[in-house]
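Here the structure is laid out as structure tokens; the discussion comes afterwards.
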Amino acid sequence: MRAPERGDTVLFVVYDGVRLLDVTGPLEVLTVANEHGGAYRSVLASPDGRDVVSSAGARLGADVALPDVVGPVGTLVVPGAPDWQAAAADRALLDQICRLAAGARRTASVCAGAFALAATGLLDGRRVTTHWDLADQLAAHFPAVTVDPDPIFIVDGRIITSAGITAGIDLTLALVEADLGPEIARAVARHLVVFMQRPGGQSQFSVRTSVESTRNSVLRRVLDAVVADPARSYDLAGMAALGGVSPRHLARLFRAELGTTPAGYLDRIRVEAARGLLERGDDTLDVVARRVGFGSSETMRRIFLRHVGVNPGAYRSRFRTTGISGHQ
């Protein structure tokens, strides 16, 4: 076990409207790590040193004002907020984040905290993640940032970004492992009753997407047909016939409008249909596979794993029920 260092200070940037679990989840990981021999010093810093009111209405006590923080910081943590737009537009807040990040050993964001980091320019040229439901907005607002919506967290140099809300716990466990080793990180995970490494990525948590918006009437006819009957046998020629165009022209439309291929789109729609059946029904995996057009459970398993990050059986066990119904 190494001796305490000033670099073990973990500074949380808190502000009115901050997501409560973005702060308290990582805090609890650090607290338990200290119970197992760590030496973290957690500090909450608000813009003016006053307490802040979180998104849940609970008050968080600030230890210090951001402008008064001097000296080295081990880890700077920027939590997110439901109103990420306000945080990303707060110039005074962004200036302080930028100043502190320059002297920090590493800087991390939780969930929508990536928007504030991106607004400072700290994420330019980096690969990052955020909540799956915000990834497209992050990419659109900050084109210099490479957004990957699936990982639970991403380490890119001194910058670490994490996915939605509870992923701040995963991120902090990874930081504990980097600092104190896997044995202590495992002990913390066991104590908190969480995964040391969560299986799968964010794709398993995202809602099934609606049919993409397109103004192209040809493509619209094909998309509607596939969504209405994903189990039907499709090939490129048959899909092109639905739109009344050549296969080559249809492939160009898919690439230009949706950024994918007809086969890729068909796989995704079938995966989404399978997710619904797995969550709500009792059909075997073979039956589900046939009902959505995969033909076999092995084909469904392979494609489902590629899109969702877990196999169909694991997905059903995690998302169908909390398990409480069997105890009533």
Side-chain angles (χ1 to χ4, degrees), residues 129-140 147-152 163-167 198-236 238-243 250-251 253-322:
T129 194
T130 187
H131 193 293
W132 59 264
D133 199 31
L134 299 174
D136 287 345
Q137 295 179 70
L138 183 63
V147 181
D148 187 340
D150 191 53
I152 300 299
I165 310 176
T166 60
R198 192 188 309 215
Q202 288 197 88
S203 297
Q204 62 187 304
F205 300 98
S206 61
V207 295
R208 288 177 294 281
T209 57
S210 59
V211 180
E212 281 85 346
S213 175
T214 177
R215 295 181 179 180
N216 187 288
S217 59
V218 170
L219 194 55
R220 176 84 271 154
R221 286 197 299 273
V222 177
L223 300 185
D224 288 345
V226 171
V227 171
D229 187 11
R232 176 177 169 181
S233 179
Y234 294 97
D235 58 17
L236 180 57
M239 294 173 74
L242 291 171
L250 183 68
L253 285 177
F254 265 89
R255 180 62 63 188
E257 294 280 333
L258 305 182
T260 188
T261 64
Y265 177 80
L266 179 59
D267 282 347
R268 188 167 62 76
I269 292 300
R270 286 173 170 168
V271 165
E272 292 176 354
R275 288 171 69 165
L277 294 177
L278 291 168
E279 290 168 8
R280 298 188 299 270
D282 296 315
D283 290 336
T284 66
L285 297 185
D286 281 326
V287 171
V288 170
R290 290 195 299 271
R291 287 184 62 186
V292 302
F294 282 127
S296 72
S297 59
E298 176 55 30
T299 298
M300 180 172 72
R301 187 198 67 79
R302 186 180 68 254
I303 297 173
F304 200 96
L305 189 61
R306 184 168 69 241
H307 283 262
V308 183
V310 295
N311 64 53
Y315 181 86
R316 167 177 270 169
S317 67
R318 291 175 194 169
F319 292 96
R320 184 177 176 189
T321 175
T322 62

* Any chance CG of Asp136 has more than 12 other-residue heavy atoms, nucleotides or ligands included, within less than 6.0 Å? -> no

* Structure fact -> Heavy-atom nearest pair, Thr129 first then Ala163, reads CG2-N, 3.8 Å

* Distance in Å, Thr261 OG1 paired with Phe254 CZ, rounded so as to fall on 0.5 Å steps -> 8.0 Å

* Quick one: do Glu272 and Arg275 make a salt bridge, cutoff under 4.0 Å? -> no

* Asked: Can you tell me how far the CG atom of Leu223 sits from the CG atom of Leu266, to the nearest 0.5 Å?
  -> 11.0 Å

* Asked: For the atom pair NE2 (His131) and CD (Gln137), what is the distance rounded to the nearest 0.5 Å?
  -> 11.0 Å

* Residues two or more places apart in sequence or in another chain: which of them pass side-chain hydrogen bond (donor to acceptor under 3.5 Å, both in side chains) with Asp286? -> Ser297

* Is it true that atom CZ of Arg306 has more than 12 heavy atoms of other residues, nucleotides or ligands lying nearer than 6.0 Å? -> yes

* To do: Taking all non-hydrogen atoms of both residues into account, name the closest pair between Gly243 and Val218 and its distance.
  => O-CG1, 3.5 Å

* Report yes if some heavy atom in the side chain of Leu253 is under 4.5 Å from a heavy atom in the side chain of Leu258; otherwise report no. => no

* **Note, Arg270 side chain near Ile303 side chain (heavy atom, < 4.5 Å)** => no

* **4.5 Å side-chain heavy-atom contact, Phe304 and Val271** => yes

* Is a donor on one side and an acceptor on the other found under 3.5 Å between the side chain of Arg301 and the backbone of Gly313? -> no

* Asked: Quick one: side chain to side chain contact (heavy atoms under 4.5 Å, CB included) partners of Asp283, sequence neighbours excluded?
  -> Val287, Val288, Arg291

* Where do Asp282 and Arg316 come nearest, in terms of heavy atoms and distance? -> C-NH2, 4.0 Å

* Asked: Closest approach of Val226 and Tyr265, non-hydrogen atoms and distance?
  -> CG1-CE2, 4.0 Å

* **Minimum heavy-atom distance between Leu305 and Val310, given as atom pair plus value** => CD1-C, 3.5 Å

* Atom CG of Asp150 and atom NE2 of His307: how far apart are they, to the nearest 0.5 Å? -> 11.5 Å

* Leu285 side chain reached by Leu278 side chain, heavy atoms, under 4.5 Å -> yes

* Asked: Ignoring hydrogens and geometry, is there a side-chain-to-backbone donor-acceptor pair from Thr130 to Ala135 under 3.5 Å?
  -> no

* Least distance between heavy atoms, Ala225 atom then Leu242 atom -> CB-CD1, 3.9 Å

